[in-house]
Amino acid sequence: MLDHTFFERDVEQVARDLIGVSIFVCDVGGAIVETEAYDPGDPAAHTFRGPTRRNASMFGPAARAYVYRSHGLHWCMNVTCGHGAGVLIRAITPDAGVAVMRARRGAVDDRLLCAGPGRLCQALGIDGRFDGLPLDQPPFTIGLREAEPTITAGPRIGISVAVELPRRFCLDGSRFLSRPAGARRPRRSA
DNA sequence: GAGGCGATTGGCT
DNA sequence: GCCAATCGCCTCG
């Protein structure tokens with residue numbers, strides 16, 4: 001189990017070190033394969049302009065969930081690192097509870113079950129009620145990674161400022177990324 | 001108080 | 001490739 005000191009480090013390092021870490025919600029989940037780092041000095045971050053009602057949990061304790069609604073209909077989850085910094089979890093491998101994931105997501109290709117922040121939250125049943133919850137307590141379970149992964153860094157997805165900063169981290173060779181490592185535009189086929 | 005827009009996704013052309 | 005869905009948050013007046 002990762003303790004809070006893991007999350008209270010440089011946010012880019014946390015984002016790298018989360019690749020390969022398993023995350024479950026009520027025993028549904030898998031290994032993280034794609035993350036993005038955000039901090040308050042970053043124009044692309046929700047916390048760039050200081051605390052607001054929405055981003056309050058990002059300014060709270062580290063090692064908690066920051067869950068926000070995107071485009072009015074999707075939920076996305078970050079891991080908080082304290083002081084307005086956090087790591088967006090963009091994709092995991094569907095390892096445990098795949099039948100539950102398929103039921104929640106509808107009949108889709110398994111590669112797309114958790115390939116994207118909105119898809120991932122839908123598959124794990126994460127919504128606004130999870131905002132601010134500690135990650136080291138139920139319904140969450142965080143597992144240690146088994147081996148040192150090979151990681152590729154590249155530009156983040158879906159932002160309009162600070163687009164060139166290489167703050168997206170992907171597990172090399174994963175089939176479950178929201179789009180290929182290093183790419184700059186959303187995956188089209190789906 | 002009003003208007004614009006988004007750390008997305010899925011469907012249609 | 002383009003665009004709608006959908007609504008809360010944020011900015012500005």
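These numbers come from the heavy atoms of this one structure, side chains and all, not from hydrogens, waters or symmetry mates. Residue numbers begin at 1 in each chain, while the letters A, B, ... track the order of the sequences.
- Residues A:Gln122 and A:Arg104 bring no donor and acceptor atom of their side chains to less than 3.5 Å of each other.
- With B:dT9, C:dA5, C:dC10 as the candidates, the nucleotide lying closest to the side chain of A:His74 is B:dT9.
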Quick test: give all pairs of protein nitrogen or oxygen and nucleotides 11-13 of chain C nitrogen or oxygen below 3.5 Å, distance rounded to 0.1 Å.
unit_1: C:dT11; atom_1: OP1; unit_2: A:Arg49; atom_2: NE; d: 3.3

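- For the pair A:Leu120 CG and B:dT8 P, the computed distance is 13 Å after rounding to whole Å.
- The shortest side-chain heavy-atom distance between A:Val79 and A:Phe7 falls under the 4.5 Å cut-off.
- Taking atom CG of A:Asp131 as the reference point, atom C1' of C:dC9 lies 13 Å away to the nearest angstrom.
- Taking atom P on both C:dG1 and B:dA7, the two are 22 Å apart, rounded to the nearest angstrom.
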Verify side chain to side chain contact (heavy atoms under 4.5 Å, CB included) between A:Tyr66 and A:Arg54, making sure each step is shown before the conclusion. CA-CA 9 Å; A:Tyr66 163 48; A:Arg54 176 177 62 161; 3.7 Å; yes
Hey, mind stepping through A:Leu120 and A:Ile126 against side chain to side chain contact (heavy atoms under 4.5 Å, CB included) and telling me if it holds? CA-CA 8 Å; A:Leu120 159 61; A:Ile126 294 170; 5.7 Å; no
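- Atoms CG (A:Leu177) and P (B:dT9) sit 13 Å apart, rounded to a whole Å.
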Secondary-structure string, 5' to 3', Watson-Crick or G-U under 3.5 Å, | for another-strand partners, for DNA chain B: ||||||.|||||.
Which atom pairs, one a donor and one an acceptor, fall under 3.5 Å between side chains of residues 16-30 of chain A and the rest of the protein, sequence neighbours left out?
unit_1: A:Asp17; atom_1: OD1; unit_2: A:Gln13; atom_2: NE2; d: 3.3
unit_1: A:Asp17; atom_1: OD2; unit_2: A:Arg9; atom_2: NH1; d: 2.9
unit_1: A:Asp17; atom_1: OD2; unit_2: A:Arg9; atom_2: NH2; d: 2.9

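- The pair A:Arg102-A:Asp110 meets the salt-bridge criterion, with a side-chain N (NZ, NE, NH1 or NH2) lying under 4.0 Å from an Asp/Glu carboxylate O.
- For A:Ser57 and A:Arg64, the side-chain atoms include no donor-acceptor pair closer than 3.5 Å.
- Taking the centre and axis of the six-membered ring of A:Tyr38, the NZ or CZ atom of A:Arg156 falls inside the cone set by 45° and 6.0 Å.
- Within 4.0 Å of A:Arg105, counting heavy atoms only, lie sugar-phosphate atoms of the nucleic acid but no base atom.
- Side-chain atoms of A:Asp131 do not come within 3.5 Å of backbone N or O of A:Gly128 as any donor-acceptor pair.
- The salt bridge (Lys or Arg N to Asp or Glu O under 4.0 Å) check on A:Arg167 picks up A:Glu12, A:Asp39, A:Asp42, with sequence neighbours excluded.
- Side-chain contact check for A:Ser174 and A:Glu34: no donor-acceptor pair (N or O, by modelled atom type) lies under 3.5 Å.
- Between A:Leu73 atom CG and C:dA5 atom P the separation is 11 Å, expressed in whole Å.
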Tabulate atom names and distances for all N/O pairs under 3.5 angstrom spanning the protein and nucleotides 4-7 of chain B.
unit_1: B:dA7; atom_1: OP1; unit_2: A:His46; atom_2: NE2; d: 2.7
unit_1: B:dA7; atom_1: N7; unit_2: A:His46; atom_2: NE2; d: 3.0
unit_1: B:dA7; atom_1: N6; unit_2: A:His46; atom_2: N; d: 3.4
unit_1: B:dA7; atom_1: N1; unit_2: A:Asn78; atom_2: OD1; d: 2.4
unit_1: B:dA7; atom_1: N1; unit_2: A:Asn78; atom_2: ND2; d: 3.2
unit_1: B:dA7; atom_1: N3; unit_2: A:Tyr68; atom_2: OH; d: 3.4

Please write out the pairs of protein N or O atoms and N or O atoms of nucleotides 1-3 of chain B separated by less than 3.5 Å, giving the distance to one decimal.
none

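- Ion pairing between A:Arg111 and A:Asp109 fails under the 4.0 Å rule for side-chain N and carboxylate O.
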Could you walk me through whether A:Cys114 and A:Thr93 pass the side chain to side chain contact (heavy atoms under 4.5 Å, CB included) check? CA-CA 7 Å; A:Cys114 306; A:Thr93 63; over 6 Å; no
